[in-house]
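Heads up: the structure comes next, in structure tokens.
Worth saying up front: this structure is predicted, and the values here are computed from it rather than measured.
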Amino acid sequence: MKMIYQKRLLCQIKWGLFQRFRFMTKFSRICDDSSKKVLVTHESETLPIGISFWYRNDELKLDQIFNLQRSPQEHLTDVLEKISGKIQGAVYYKNRKRENFVMDELPVKMISFNYDDNACTQNDLTCHEAFVLNGSKHNLVIGEEHYCIDVNPPIVEVAEFPKVIVAGFLVNLKKLEVLFANKEDCFFKWYKSVKRFDADKVSRSKRIIEDLKWIELGEGFTCTPTKEDVGRVLKVVVTPCVGERRGEDIEVVSPVVVSAGPEECPFQKRQQFTKEIVGDNSLRVISYNILAEVYTNSNYAREELFPSCPKHALNMDYRKLLLIKEIIGYNGDLICLQEVDEKVFLRDIRPILMDRGFDGFYDAKGGEITEGLAIFFRRSKLRMLERRRVVLSEDLQNEVLFADIWQNIQRSPDLLKNFLHVRTILQVNVFESVCDPSRLLVVGATHLYFHPDASHIRILQAGMCLKILQHVITQYQMKHPDKEVSLLFCGDFNSTPESALYQFMTTQHVDSGNVVWKSKFGECVEGMCLRHELELASACGCPPYTTYTSSFHGCLDYIFYQTKEFTVKQVVPMPTLEEVTQHGALPSITFPSDHIPLIVDLEFRKSGKSTE
């Protein structure tokens, strides 16, 4: 009977009759008759207590899951009466057509399991005291049946497959939410159906899932279907865990079949140069604008910005498969991403990269903008010492570092208004080398303002960024005079190599007479001169394009490095023009973004401060 129950409930879950698992309103596996359970959930004192159990009585023709939510302060006697009333109501409903049916009162009590049945503990107890604080010491008795109480077991609340599954690309659950456990501690076992389906047929089918036969694929947070799996559906069994404690399994079956993917993506050719992780004294650095979903899901984006990209290939569910495979295959140590959707960071990129030895952080631009910056670092190479998020338009008004810029901007009301409106942020990250703790690395990452006639704003933003980064370097040099402090500055600068911004970054100054200060009528910047002391160069040089769309192509992305601190060992070649334009422009079915990532291997120069 247990297996029949399990299958029936699993089918209900898979076909959407139950959409959430809040307070254990359902569970996919119940303990057998010798170990009946009441599952109790209580997240905080301000929330109700969830009480769930499966009650079966063949004589009364009842086989049902009961779920209650009770106030923590409710008296236990009232709770037990409520449980009894719920069961008796269900029994009456089931037997309402039986002539002369009479049901005896169903006693429900709570006992302390280390005493006899007469040792009731319900006098003066609250629901919280009985079910939560002392749940491990109590049994709930319904009629003659004893139920042990399991308080806050690890629970899978939500588990959902993505709507696109492509052969040759990693698959992970699009949504995974757990209670009383960490997602990273869940155990996953993957399966594929023996049977292959037509995609349209599966999408409309009411086929009973329990009739499918399955082949085990493996274990782990992700799985990778192959070409041989095209047309099959996937299944994953998720077991939430906390240490040795395991919660109830939940099965999830994909709503779509595995589809065929592109034969080969150009990034796979680039990955021929990154098959191995670089040595201890080197870092492989990646900077990549991955194209936020918010900029692709409008008719304007589909028809004007990216007209050559098929609709399905513009969908983030498709693009993130390519993005993740691309990023993983570069075997980077430091990964700076721009235009990152928070949900993609949390649900996809971060858990997958964490599973592969990385840690990562996300910083939103804030305001009405739903994307931001993310940085990942290989834990075996780098140890984070400090990180901060700087909103340039906010710090401009408050930091003494920017007094000269602030004073100058205020002379132009239009410039002041536009500058303060922009939500450009700078990520500041300070790392210590795991291999050589005498080396500290300051990493700045940003995505400067994009507007075509805002080159004067971008160069002011770059000036602010370098002031901050230089200040951080000085602080760490003073605090750790025995250590070498280096700088990397990565991102989408929205400026070509011919721009004043690139000149400023690489020649260390831009004078007041530069035409950039008069690039927009009504927002002229008078008497502004920017300088910095850092000797920077573009690690990947200036390729003909780092972005290639139907309306613009050029070099906008850079990894700036201190030439006195690093040596460039390898720049991974960019895709050829033929590859980039094979499907018109970017993005496409083989390029997941309108930008192309920069990848460079940098080696620390030898220093007298290195440890023996």
> Could you go step by step and tell me if Gln508 and Glu533 meet the side-chain hydrogen bond (donor to acceptor under 3.5 Å, both in side chains) rule?
Replying inline: CA-CA 7 Å; Gln508 299 176 277; Glu533 300 175 2; over 6 Å; no
> What salt bridge (charged side-chain N to carboxylate O under 4.0 Å, His left out) pairs are there with at least one residue in residues 333-342, not counting sequence neighbours?
Replying inline: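 Salt bridge (charged side-chain N to carboxylate O under 4.0 Å, His left out) check on residues 333-342 returns Asp333-Arg378, Asp333-Lys381.
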If you compare all heavy atoms of [X] against all heavy atoms of [Y], which two are closest, and at what distance to 0.1 Å?
| X | Y | answer |
| --- | --- | --- |
| Ile425 | Ala364 | CD1-O, 3.7 Å |
| Leu322 | Ile589 | CD2-O, 3.4 Å |
| Glu579 | Thr576 | OE1-N, 2.9 Å |
| Pro587 | Cys309 | O-CB, 3.3 Å |
| Ala445 | Leu373 | O-CD1, 3.4 Å |
| Val40 | Pro153 | O-CD, 3.7 Å |

Looking at [Y], is its backbone amide N or carbonyl O close enough to the side chain of [X] to form a donor-acceptor pair, meaning the two atoms are under 3.5 Å apart?
| X | Y | result |
| --- | --- | --- |
| Lys483 | Pro437 | yes |
| Lys325 | Gly168 | yes |
| Trp190 | Glu216 | no |
| Asp185 | Gly243 | no |
| Gln338 | Cys336 | yes |
| Ser393 | Phe419 | no |

> How about Asp557 and Asn289: does a side-chain donor come under 3.5 Å of a side-chain acceptor?
Replying inline: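 Absent: no donor and acceptor within the cut-off.
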> Does one side chain, of Gln570 or Asp601, offer a donor that lies under 3.5 Å from an acceptor on the other?
Replying inline: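 Side-chain D/A pair, Gln570 to Asp601: present.
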>> Determine whether Met528 and Ile405 satisfy the following criterion, side chain to side chain contact (heavy atoms under 4.5 Å, CB included), listing intermediate values before the conclusion.
In response: CA-CA 8 Å; Met528 189 76 239; Ile405 298 177; 4.0 Å; yes
> Can you list every ring pair (Phe, Tyr, Trp, His ring centres under 6.0 Å) pair that touches residues 373-407, not counting sequence neighbours?
Replying inline: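 The answer is Phe345-Phe376, Phe377-Phe431.
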> Within 45° of the six-membered ring axis of Phe187 and under 6.0 Å from that ring's centre, is NZ or CZ of Arg246 located there?
Replying inline: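 So Arg246 does make the cation-pi contact.
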> How far apart are the C-alpha atoms of Met574 and Ile596, what are their side-chain angles, what is the distance that settles it, and do they pass the side chain to side chain contact (heavy atoms under 4.5 Å, CB included) test?
Replying inline: CA-CA 8 Å; Met574 299 290 281; Ile596 302 166; 3.6 Å; yes
Side-chain contact, heavy-atom cut-off 4.5 Å: [X] with [Y]?
| X | Y | answer |
| --- | --- | --- |
| His595 | Leu586 | no |
| Leu466 | Leu530 | no |
| Thr547 | His553 | no |
| Leu314 | Asn297 | no |
| Val428 | Val472 | yes |
| Asp359 | Arg350 | yes |
| Gln470 | His532 | yes |
| Leu488 | Leu334 | yes |

[atom1]/[X] to [atom2]/[Y] distance, rounded to the nearest 0.5 angstrom?
| X | Y | atom1 | atom2 | answer |
| --- | --- | --- | --- | --- |
| Asp363 | Arg387 | CG | CZ | 4.5 Å |
| Thr563 | Arg605 | OG1 | CZ | 7.0 Å |
| Leu179 | Glu157 | CG | CD | 3.5 Å |
| Ile286 | Asn331 | CD1 | CG | 8.5 Å |
| Cys435 | Asn281 | SG | CG | 8.5 Å |
| Tyr561 | Glu535 | OH | CD | 11.0 Å |

> Please walk me through it: do Arg423 and Glu394 pass salt bridge (Lys or Arg N to Asp or Glu O under 4.0 Å)?
Replying inline: CA-CA 9 Å; Arg423 297 291 303 184; Glu394 294 176 359; 3.1 Å; yes
Pairing residues for [X] by the salt bridge (charged side-chain N to carboxylate O under 4.0 Å, His left out) criterion, not counting sequence neighbours:
| X | answer |
| --- | --- |
| Lys192 | Glu228, Asp229 |
| Arg383 | Glu432 |
| Glu498 | none |

>> With side chain to side chain donor-acceptor pair (under 3.5 Å) as the test, pick out the partner of Glu293 among Arg319, Lys343, Lys320.
In response: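 Only match with Glu293 under side chain to side chain donor-acceptor pair (under 3.5 Å): Lys343.
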> Hey, is Glu386 close enough to Arg388 for a salt bridge, meaning N to O under 4.0 Å?
Replying inline: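 So Glu386 pairs with Arg388 through a salt bridge.
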> Ion pair present between Arg531 and Asp511, side-chain N to carboxylate O less than 4.0 angstrom?
Replying inline: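 Salt bridge flag = yes for Asp511 with Arg531.
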>> Which residue is it: Leu234, Leu321, Asp317? I am looking for the one with a side chain to side chain contact (heavy atoms under 4.5 Å, CB included) to Ile165.
In response: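 Result for side chain to side chain contact (heavy atoms under 4.5 Å, CB included) with Ile165: Leu234.
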>> Going by side chain to side chain contact (heavy atoms under 4.5 Å, CB included), Leu448 matches just one of Leu501, Leu426, Asp492, Leu460. Which one?
In response: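 With Leu448 as partner, Leu501, Leu426, Asp492, Leu460 yield a single side chain to side chain contact (heavy atoms under 4.5 Å, CB included), made by Leu501.
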>> Between Phe358 and Ile335, does the side chain to side chain contact (heavy atoms under 4.5 Å, CB included) criterion hold? Intermediate values first, please.
In response: CA-CA 10 Å; Phe358 288 84; Ile335 305 168; 3.9 Å; yes
> How are the rings of Tyr558 and Phe560 set relative to one another: parallel (under 30°), tilted (30 to 60°) or perpendicular (over 60°)?
Replying inline: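 Parallel: the ring planes of Tyr558 and Phe560 meet at under 30°.
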> Hey, what's the ring geometry for His480 with Tyr476, parallel, tilted or perpendicular (30° and 60° as the breaks)?
Replying inline: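 If you compare the ring of His480 with that of Tyr476, the planes turn out parallel.
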>> For Thr424 and Gln461: C-alpha separation, side-chain torsions, deciding distance, then whether side-chain hydrogen bond (donor to acceptor under 3.5 Å, both in side chains) applies.
In response: CA-CA 8 Å; Thr424 298; Gln461 290 177 336; 2.9 Å; yes
> What residues, two or more places apart in sequence or in another chain, satisfy ring-ring contact (aromatic ring centres under 6.0 Å, His included) together with Phe566?
Replying inline: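 With neighbours one apart ignored, the set is Phe604.
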> Mind checking whether Phe493 and His447 have ring centres under 6.0 Å apart?
Replying inline: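 Not close enough - the centres of the two rings lie 6.0 Å or further apart.
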>> With side chain to side chain contact (heavy atoms under 4.5 Å, CB included) as the criterion, how do Asn172 and Asp348 come out once you've worked through the C-alpha distance, each side chain's angles and the decisive distance to 0.1 Å?
In response: CA-CA 7 Å; Asn172 63 290; Asp348 300 287; 3.2 Å; yes
